[in-house]
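The next block holds one structure in the form of structure tokens; read it before the comments.
Below, each value reflects all heavy atoms present in this structure, side chains not excepted, and no hydrogens, waters or symmetry copies. Protein chains get the first letters and strands the later ones, always in sequence-line order, with residue 1 at the start of each.
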Amino acid sequence: MAITTQNPTPPTAAKHAGANVTRPGDKIFSGLSRGSGILLLVVMASIAIFLTIRAINAISKDHGNFLTTFEWNANANPPVFGIAVLAYGTIVSSIIAMAIAVPIAVGIALFISHYAPRRLASPLSYIVDLLAAVPSIIYGLWGALFLVPHLTGLNMWLDEYLGWTVVFEKEDPQGAARSIFTVGILLAIMILPIITNVSREVFRQVPRMHEEAALALGATRWETIRMSVLPFARSGIISASMLGLGRALGETMAVATVLSAAPILSVHVLDPVGGTFSQNIVAKFGEANEFGRDALIASGLVLFVITLLVNGAARAIIAKRKEYSGANA
Amino acid sequence: MAKRIDVSGLSAYYGGFRAIDDISMNIEPRTVTAFIGPSGCGKSTFLRTLNRMHEVTPGGRVEGKVLLDDENLYGPGVDPVSVRRTVGMVFQRPNPFPTMSVYDNVAAGLKLNGVKKKSDLDTIVEKSLRGANLWNEVKDRLNKPGSGLSGGQQQRLCIARAIAVEPQVLLMDEPCSALDPISTLAIEDLIGELKERFTIVIVTHNMQQAARVSDRTAFFNLSAVGQPGKLIEIDDTERIFSNPSVQATEDYISGRFG
Amino acid sequence: MSHAVADKRSAPAVPQRALAQRRLPKWAPAGMAAGAIALAVGIGIGAGLDSKLQWGLIAVLLFVLGTYTIATAVEGRRQAKDRVATSVVWASFILAALPLYSLIQTTVSKGVKILDGAFLSHSMNGVLTIGEGGGVYHAIIGTLEQVGIATAIAAPIGMLTAVYLVEYGKGRLALAVTFFVDVMTGIPSIVAGLFILSTWNLLLGFGPSGFAGAMALAILMMPVVVRSTEEMLKLVPNELREASLALGVPKWRTIVKVVIPTAIGGITTGVMLAVARIAGESAPIALLVFGNNLINNDPFNGPQASLPFYIFQQYQNGNDASYDRAWAAALVLIAFVMILNLMARGIARWKAPKTGR
Ligand SMILES: Nc1ncnc2c1ncn2[C@@H]1O[C@H](COP(=O)(O)OP(=O)(O)OP(=O)(O)O)[C@@H](O)[C@H]1O
Ligand SMILES: [Mg+2]
């Protein structure tokens, strides 16, 4: 769509035109729409405030160190709980997901925009669009019932040949692959469509004249992509990845179905231990008493802050890219 | 250095649509040949068949022969990448690589072709920028983005980039149409200098420009919209502008067209 | 000639390149792919590797390496790199297509097993978790009601906010709203659930209900609606607004009668895509709605079932009969989401401004 090329400020003239006359209808309608905007702000603010109040209540009564404790015994008396394992698991699984998904997604996006036969390209991007809409619980179900058993062989292989790296050492090589590593793979598959989608859009926006400039110099197709397409698209790819990362960090059900959680912080990514923020919330919610819920809310707040930072970074990059591409449009 | 071009029986298609039909002409080395004709008659299309850029547009297809000193560009085993390396091109809108500095823009083609040594690159970049009459204007800002130059400077940067790899032929598709009169003059002067070293083909809508810069002029026309464009005549520029052999050419030049 | 010599003295020569180059035949990539696969199968059987995944990885590796060496030998380094890039791009496409294909294929093939009229029209009332039978009727009801309420909350607020941003917004408030809409887009669904939990349930003391879940879903939906509506409103040409205002039509009527109708196709599409997205959310449901084996038609009272959460619960039961139900429900959910998507895109195409390319 030509959305991005459209000048985003057409209605300014209209704004002024209507500014000096005020009718009751105008007042009501503008009040309504303004009120909606304010309501949105209120919701956002209260999310932050209420989560923080609850979280402070929980953390102040924590008999462990909230940041460094491994286990999550918020119902116990005295309560001892911490986010060390959860933060570690969330971040490691997301890093694995990104490491797998970003290069492949860029590859697919290039495939659709530059390599696929033209007749294939538009149905393909349509399919990727649809895949991005598949609910995460279905990825979770598939991950637990199909992917996990199929990864046993790969796990054994990794343990045998790459076990010396410690990272890929697995205590029980034959055991089910319900590990942070599998979660990472599943998250990678889940965020592939969204990263692919955004990257493909960015590749499509690379002006043809830049590519022709490279071609006319006698560049091969790959050299053209390296010289013209990737530099132009770089910030777009980064922000696409950040969007994917935001999804991976916050994903709940797909992790809850696949991971065999245990409050152990292990560098062995193949061992079925560990946890993530959202997985822990869903897993511990049923048994949590009122204080336990506050504790879970505290962990949720940490997740919230992390995703805010990631999304904020993505937005900043997009904003910069807008300035940049506007400068030489 | 410069090579001659012999085109025979050349037609180009966009999918099922034939844009130009059965064109034949000879272009001598170290001359400037101007292509003129009404919009849509296939000048750009024809120009782009001369360095095999036509086939990068989806559905683009070419029939016929283009000989570059007796070697057919469309012959079996010919690598289009080599063709484009040998026949350089400058586009209507200046298109420096936006993420590269002035220096890197000129060096881009050199690096592709295996010039790696910094000192060699420096020498050739300077020589090419001088060749494009741009050196004095940019020598203090070689590391600034190429997209920060004025339009006319950008276009000369693109010329520098094209001549840096020492092509045999230089194709220019309306290189001045996006420029002001002063930049246009600068580029016309430049063309006069470059023709000492390169075979130059230039598409232009500006009759005076064709008359000023070119040795030979080719007039293209199409009988109706949706019909393929054809070469009407090619002759010495003086003759085309004073005494063309075809009535249509005279009509077009004198503005009595359509 | 004298020029060429002069050039050589003043500057190092750029390597020229012959027009004709040695090329690999057209069938080379296909041939090398076939060779790599054959070799990988050989290695796989020989080394006793039982995972097909490993065979595939070996084949891909052999293919890329083989392409590079052969192409370097015949065509040179630059062409070899180009070919490797091509094969890597193809390989990444195939690599990604396999799991995604498997996901769809597994869901469909396992889902159709027990998916029938009875499954769609029965709840889990009186069905043992390890027993067969039962259905998703109650979950479909729950999902429809929760999503319906969420849409009823989020769509008007989202659309009005977009109207504010495009037609009225200026100054700090508009900037703040824009910024926080962006922020809101990135909220994890579980956090939205926790928010409603902390206010509606813990602070105000309400119990679990479909409505509580719907509020969390509305929070997830609002920013999506704002964004897509905003994009569509911006596409409405300013001349239309000016023409109407010039006729003396009040601004609010201009917006309601001229601007919104012009953009309604795109707005509908955006809302439907947002609906499709929240219909698959299960995390907030787990915290706020709890799920239910029985039919509960009242979204304001008591735990309710929901399609995505039903899948999760059946999975957790951990037996074959439950797995069958989970797959069948997954198929129903995918079908629902896909139909919404296809309809939304259909509307987008049908209502697309004819002025486009
Ligand atoms: N990418 C394309 N796809 C399909 N048809 C094309 C494409 N580019 C050009 N054409 C058609 O080919 C014919 C010749 O176009 P071309 O651009 O070569 O004309 P031109 O003589 O360069 O015109 P101008 O003076 O306006 O640049 C026209 O009918 C045009 O519509
Ligand atoms: Mg043209």
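Using a 4.5 Å heavy-atom cutoff, the side chains of C:Thr199 and A:Ser46 are not in contact.
Within a 6.0 Å sphere centred on CZ of A:Arg221, heavy atoms belonging to other residues, nucleotides or ligands number more than 12. Within a 6.0 Å radius of CZ in C:Phe179, other residues, nucleotides and ligands contribute 12 heavy atoms or fewer. For NZ of A:Lys284, the number of neighbouring non-hydrogen atoms (other residues, nucleotides, ligands) closer than 6.0 Å is greater than 12.
Salt bridge status for C:Arg345 with A:Asp129: present, with a side-chain N to carboxylate O gap under 4.0 Å.
Heavy atoms of C:Ile157 lying under 4.5 Å from chain A belong to its backbone as well as its side chain. For C:Leu197, the part lying near chain A is the side chain, with the backbone staying farther off; criterion is any non-hydrogen pair under 4.5 Å. Looking at C:Ser198, both its backbone and its side chain come within 4.5 Å of chain A, counting heavy atoms on both sides.
Ring-plane geometry between A:Phe285 and C:Phe290 is classed as perpendicular, the angle between the planes exceeding 60 degrees on a 0 to 90 degree scale with a lower cut at 30. Using cut-offs of 30° and 60° on the angle between ring planes, the pair C:Phe93 and A:Phe111 is parallel.
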Listing, residues 99-107 of chain C side-chain donor-acceptor contacts under 3.5 Å, not counting sequence neighbours, or none:
unit_1   : atom_1 : unit_2   : atom_2 : d
C:Ser102 : OG     : A:Trp142 : NE1    : 2.9
C:Thr106 : OG1    : C:Ser102 : O      : 2.4
C:Thr107 : OG1    : C:Leu103 : O      : 2.6

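Listed by first and then second residue, the salt bridge (charged side-chain N to carboxylate O under 4.0 Å, His left out) pairs that reach into residues 174-186 of chain C are A:Arg315-C:Asp182, C:Asp182-C:Arg227, sequence neighbours excluded.
Screening C:Leu194, C:Ile196, C:Ile187 against A:Ile47 for a side-chain contact (heavy atoms from CB on, under 4.5 Å) leaves a single residue, C:Ile187.
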